[in-house]
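Before any comments, here is the structure.
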Amino acid sequence: MPVRTAVIGVGIMGNVHLDQLAKIPEIVVEAVVDPSEETGKKTVEKHRVPKWFPDTGVMLAEVRPEYVVVASPMPYHAADAIAAFDAGAHVLIEKPLCTSMEEAEAIRAAALRAGRLFTMGFQMRQFSANRTLRQHVEEGRMGTIYHSRVWGGHVMNYPWGRYFHRKSVSLGGVVANTTVHPLDALLWIIGSPEPVAISASSFCKLVRMPDPPINFSGTIDEVSVEDFAHAHVRFADGSSMSIEGNWLMHATDRIMGFEIHGTLATAQSVAPQWQPEHGKEVETVDLEKDIAWHEGTRQEHEEFIRAIRGEGTPMVTFHQALTVQKILCGLYESAAQDREIRL
Ligand SMILES: NC(=O)c1ccc[n+]([C@@H]2O[C@H](COP(=O)([O-])OP(=O)(O)OC[C@H]3O[C@@H](n4cnc5c(N)ncnc54)[C@H](O)[C@@H]3O)[C@@H](O)[C@H]2O)c1
């Protein structure tokens with residue numbers, strides 16, 4: 001029997017999920033939720049989904065889905081996910097997870113209470129180069145990881161959607177919404193070290209630009225998030241990480257990526273390769289060509305469905321999701337308070 005599924009929030013990302021879910025024979029989408037009647041009706045017609053609901057609670061009570069994809073705006077993630085767990089569903093939540101560490105803990109408690117599985121929409125974990133790098137690290141082939149760098153942004157472009165520029169509905173700007181992808185992948189690859197402190201600074205350059213040559217669909221007066229941020233993270237094992245996000249960059253050759261420094265090797269995600277022998281002639285190893293971004297979404301569903309059927313474990317653990325959330329919340333707190341924050 002296919003897994004009976006519902007998607008909450010059917011804007012741009014909800015539609016990406018619906019496109020990919022339709023390619024998986026083990027899944028049948030039975031309902032979507034969106035408060036916008038126009039969006040809901042358009043979506044059920046386009047994706048041939050039986051039912052649209054304007055309200056999550058009503059959908060859960062009536063449809064009782066086994067699997068729920070939460071792709072609503074970030075402030076609703078926690079309430080939607082907790083309601084779905086309480087109704088007995090397994091849940092995938094889009095990034096960023098939620099508004100605070102308290103909400104993150106409440107999501108975890110609801111999943112444990114219900115005995116249901118959790119994962120997140122972090123497609124970069126599906127990239128074959130990232131999986132190979134993770135294996136190298138796990139096998140000790142990079143030695144001890146002592147530092148890593150991650151960066152992610154856009155070339156003069158705020159993301160689409162009407163909320164990414166408003167802190168109240170998006171947690172933050174470039175780091176919470178764009179850099180979060182390579183940040184999660186990097187933390188996962190290096191074995192999820194425990195962050196203990198973070199020091200960050202952030203800027204909002206857009207509001208100071210009189211006529212910005214930028215792709216932006218919001219209202220400048222509403223902009224309340226950073227379009228550039230930098231942070232230094234210290235981990236319990238003594239290693240460190242540098243995080244940089246920039247939506248208003250001009251360089252086109254370093255949009256998103258990371259670098260890992262180990263005692264035996266250095267790995268770069270941009271042109272994935274690694275250098276195996278410390279002190280000898282450098283040998284570079286090119287990793288497998290990678291999958292498309294949306295294919296990662298399909299694969300994350302396939303992997304989660306296998307876990308739901310008891311044939312594996314979910315891709316993202318609560319510990320990993322909460323580590324990313326802790327770093328994001330700490331970064332914004334540090335930048336706002338102009339000091340290092342203990343995590
Ligand atoms: N993993 C990725 O690559 C990726 C990419 C883009 C967005 N996202 C994430 O997906 C989520 C949605 O982003 P988007 O770009 O699709 O936004 P969007 O603005 O395109 O769509 C959001 C939809 O949610 C609906 N909505 C509003 N309030 C709701 C509620 N209370 N319950 C249910 N639906 C509600 C809106 O009407 C809209 O149709 C965000 O968390 C975002 O960060 C992830």
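In listed order, ligands and their atoms are each counted from 1. These values consider heavy atoms only, across backbone and side chains, with no hydrogens, waters or symmetry-generated copies. Keep in mind that this is a model prediction, so the values were computed, not measured.
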Has ligand 1 got any nitrogen or oxygen that is less than 3.5 angstrom from a nitrogen or oxygen of A71? no
Residues 24-35 vs side chain to side chain donor-acceptor pair (under 3.5 Å), sequence neighbours excluded, gives R4-E30
Using a strict cut-off of 4.0 Å, indicate which atoms of ligand 1 neighbour a heavy atom of D34. 23 (C), 24 (O), 25 (C), 36 (C), 37 (O), 38 (C), 39 (O)
Out of curiosity, does V174 fall in the hydrophobic cluster containing M209 (side-chain heavy atoms, cut-off under 4.5 Å, transitive links)? yes
To atom 35 (C) of ligand 1, the nearest of G9, A176, P35, G40 on a heavy-atom basis is P35
Please confirm whether T56 approaches ligand 1 to less than 4.0 Å, judged on its heavy atoms. no
If only side-chain N and O atoms count, and only distance matters, is there a donor-acceptor pair under 3.5 Å linking H17 with T297? no
Could a heavy atom of W293 be found less than 4.0 Å from some atom of ligand 1? yes
I want to confirm something. Looking only at heavy atoms, which of P96, G14, G11 is nearest to atom 23 (C) of ligand 1? G11
Any nitrogen or oxygen of E94 lying under 3.5 Å from a nitrogen or oxygen in ligand 1? Just yes or no. yes
Relative to ligand 1, is Y163 under 4.0 angstrom through side chain, backbone, both or neither, heavy atoms considered? side chain
Counting from 1 in the order shown, the ligand 1 atoms closer than 4.0 Å to a non-hydrogen atom of Q123 are 1 (N), 2 (C), 3 (O)
Under a 4.0 angstrom heavy-atom cut-off, which atoms of ligand 1 come close to H77? 41 (O)
Hey, are the side chains of D19 and H47 touching, using non-hydrogen atoms and a 4.5 Å cut-off? yes
Please list, in number order, the atoms of ligand 1 under 4.0 Å from a heavy atom of S72. 11 (C), 12 (C), 32 (N), 33 (C), 34 (N), 40 (C), 41 (O)
Would you mind telling me which of Y67, F118, F122 makes a ring pair (Phe, Tyr, Trp, His ring centres under 6.0 Å) with F304? Y67
Looking just at side-chain N and O atoms, do T43 and W52 make a donor-acceptor pair shorter than 3.5 Å? no
Which option wins on minimum heavy-atom distance to atom 43 (O) of ligand 1: H294, K95, E300, H181? K95
Here the atoms of ligand 1 under 4.0 Å from any heavy atom belonging to I8 are 33 (C)
Option whose closest heavy atom lies nearest to atom 8 (N) of ligand 1, chosen from M120, M13, M59: M13
